Colleague: 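First, the structure itself, so that you have it in front of you.
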Number of protein chains: 2
Amino acid sequence: MEKKPELCRVEDALGILVGKWKPIILLHLLINGTMRFSELKRHMPGITQKMLTKQLRELEEEDIVQRVVYPQVPPKVEYSITEYGRSLEPILEAMHEWGSKHTAHKEEKEKRMAQKEAN
Amino acid sequence: MEKKPELCRVEDALGILVGKWKPIILLHLLINGTMRFSELKRHMPGITQKMLTKQLRELEEEDIVQRVVYPQVPPKVEYSITEYGRSLEPILEAMHEWGSKHTAHKEEKEKRMAQKEAN
DNA sequence: CCCCTTAGTATCCTTTTTGATACTATGCTA
DNA sequence: TAGCATAGTATCAAAAAGGATACTAAGGGG
């Protein structure tokens, strides 16, 4: 662990993953490879066009995803993870694992709470 | 990698690390062990009392940090990472490393941009 | 009696993020 | 000729996050 918190770069990584939909977008692209805009949207009920566009633009800006536009009507735009973006995979994996454990941890905690209240 | 993004628990982990100061707070506690509120505050110029309190409360709520109050005046409250909280360390470490590489990546990109503009 | 200390709260305000909705281009189909 | 499809943009509104500032308790020192 870095001994100087001032030099901590955790926020830089965090900044890329943060955004209400970014992890799910990345997961979808990691699993399915290339996806069209509308395809992504269909897989994320609840997201608005604006949001999806914004998040994808931000990921593109950081070279995490690639955007390919086909000059057609109706428009066709495909998104995919870049090689560079794939370097995030271990982190996502670790976070998913930790998140799963944490969910279990919280459930247990709640059970203990309920137990206490019963007394 | 989990094959069903709907079951993705990345956000759960993310939610805990997100907040403008949380990673730095955790780093400080990981490095220094136990710290008083004022000590933490001194190490983070720019943070307000309210923010520090809020972030610590949230971390406490998730069992990541422990809060010990000494019934004295003036007050004395010590914070430290829990055993459970330490399980986040590998993730923080991975993110820090990735963040460092990303910073380098961006700098190179900027250089290339500047180069292009010169032509 | 006033002020210092620490670890907070309370209040108000600004900024950022997110959401809802409507609008666009253009070729194809009914 | 009206309507559909796709990948957006524009505008406005709401909610969440963050920040500035003032206030508190209670004992010790001057």
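The model shown is predicted, which means the values in this text are computed figures rather than measured ones. Chain A is the first sequence line, chain B the second, and so forth, proteins listed ahead of strands; every chain is numbered from 1.
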Colleague: Between A:Lys20 (NZ) and D:dA14 (P), how many Å, whole number?
Modeller: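 In whole Å, D:dA14 P lies 17 Å from A:Lys20 NZ.
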
Colleague: Less than 4.5 Å apart, any side-chain heavy atom of B:His96 and any of B:Glu93?
Modeller: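 B:His96 vs B:Glu93: side chains apart.
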
Colleague: What pairs with B:Glu62 under side-chain contact (heavy atoms from CB on, under 4.5 Å), at least two apart in sequence or on another chain?
Modeller: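 side-chain contact (heavy atoms from CB on, under 4.5 Å) check on B:Glu62 returns A:His102, A:Lys106, B:Ile16, B:Ile64.
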
Colleague: Nearest nucleotide by nearest heavy atom, which residue falls closer to the 5' end of DNA chain D, B:Gly19 or A:Glu78?
Modeller: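 The answer here is A:Glu78.
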
Colleague: Would you mind classifying the nucleic acid contact of B:Tyr79 as base, sugar-phosphate or nothing, using non-hydrogen atoms under 4.0 angstrom?
Modeller: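 If one applies the 4.0 Å heavy-atom cut-off, B:Tyr79 turns out to touch the sugar-phosphate alone, with no base involved.
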
Colleague: Residues two or more places apart in sequence or in another chain: which of them pass salt bridge (charged side-chain N to carboxylate O under 4.0 Å, His left out) with A:Lys20?
Modeller: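 So A:Lys20 forms no salt bridge (charged side-chain N to carboxylate O under 4.0 Å, His left out) with any residue.
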
Colleague: Within this structure, what is the OH-to-C1' distance between A:Tyr70 and D:dG8, rounded to whole angstrom?
Modeller: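 Atom-to-atom, A:Tyr70 to D:dG8, this comes out as 17 Å.
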
Colleague: Are more than 12 heavy atoms from other residues, nucleotides or ligands located less than 6.0 Å from atom CD of A:Glu39?
Modeller: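 Counting other residues, nucleotides and ligands, CD of A:Glu39 exceeds 12 neighbours.
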
Colleague: Mind grabbing the angle between the end helix axes of the helix from C:dC1-D:dG30 to C:dA30-D:dT1? Five pairs an end, 10° rounding.
Modeller: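 Inter-axis angle at the termini of the helix from C:dC1-D:dG30 to C:dA30-D:dT1: 30°.
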
Colleague: Tell me which residues in residues 48-57 of chain B put a heavy atom below 4.0 Å from DNA chain C, sorted by number, or none.
Modeller: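 By residue number: B:Gln49, B:Lys50, B:Thr53, B:Arg57.
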
Colleague: Side chains of B:Leu59 and B:Ile81: closer than 4.5 Å at any heavy-atom pair?
Modeller: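 No, side chains not in contact.
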
Colleague: Among B:Arg36, B:Glu78, B:Lys76, which one satisfies side chain to side chain donor-acceptor pair (under 3.5 Å) with B:Tyr70?
Modeller: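 Between B:Tyr70 and the candidates, side chain to side chain donor-acceptor pair (under 3.5 Å) is satisfied uniquely by B:Glu78.
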
Colleague: Any donor and acceptor pair, going by atom type alone, linking the side chain of B:Lys41 with main-chain N or O of B:Phe37 inside 3.5 Å?
Modeller: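 The answer is no, because no donor-acceptor pair under 3.5 Å joins these two groups.
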
Colleague: Run the salt-bridge test on B:Glu108 and B:Arg112 with the 4.0 Å N-O cut-off and return the result as yes or no.
Modeller: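 Looking at B:Arg112 together with B:Glu108, the answer is yes, because their closest N to O distance falls below 4.0 Å.
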
Colleague: Could you give the CH2-to-P distance, from B:Trp21 to D:dA17, as a whole number of Å?
Modeller: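 Going from CH2 in B:Trp21 over to P in D:dA17 covers 17 Å.
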
Colleague: Would you kindly confirm whether B:Leu52 and B:Val69 end up in one hydrophobic cluster when ILVMFWY residues are joined by side chain heavy atoms under 4.5 Å apart?
Modeller: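 B:Leu52 clusters together with B:Val69.
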
Colleague: Quick one: how far along DNA chain C does chain A reach, first to last nucleotide 5' to 3', anything under 4.0 Å to a heavy atom?
Modeller: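 Extent of the interface on DNA chain C: C:dT18 to C:dG27.
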
Colleague: How close do B:Leu17 and B:Lys22 get, counting heavy atoms only, and between which atoms?
Modeller: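 For B:Leu17 and B:Lys22, the tightest heavy-atom pair comes out as O-CB, 3.6 Å.
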
Colleague: Might you work through the side-chain contact (heavy atoms from CB on, under 4.5 Å) test for A:Thr103 and A:Glu107, ending with a clear yes or no?
Modeller: CA-CA 6 Å; A:Thr103 303; A:Glu107 273 167 19; 3.8 Å; yes

Colleague: How far does CD1 of B:Ile24 sit from NE2 of B:His43, to the nearest 0.5 angstrom?
Modeller: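 Interatomic distance, B:Ile24 CD1 to B:His43 NE2, rounded to 0.5 Å: 13.0 Å.
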
Colleague: For A:Glu61, look at atom CD and say whether over 12 heavy atoms of other residues, nucleotides or ligands are found less than 6.0 Å away.
Modeller: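 Not more than 12 within 6.0 Å, no.
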
Colleague: Detail all sub-3.5 Å separations between protein N/O atoms and N/O atoms belonging to nucleotides 3-6 of chain D.
Modeller:
from	atom 1	to	atom 2	distance (Å)
D:dT6	O3'	A:Arg36	NH2	3.0
D:dT6	O3'	A:Pro75	O	2.8

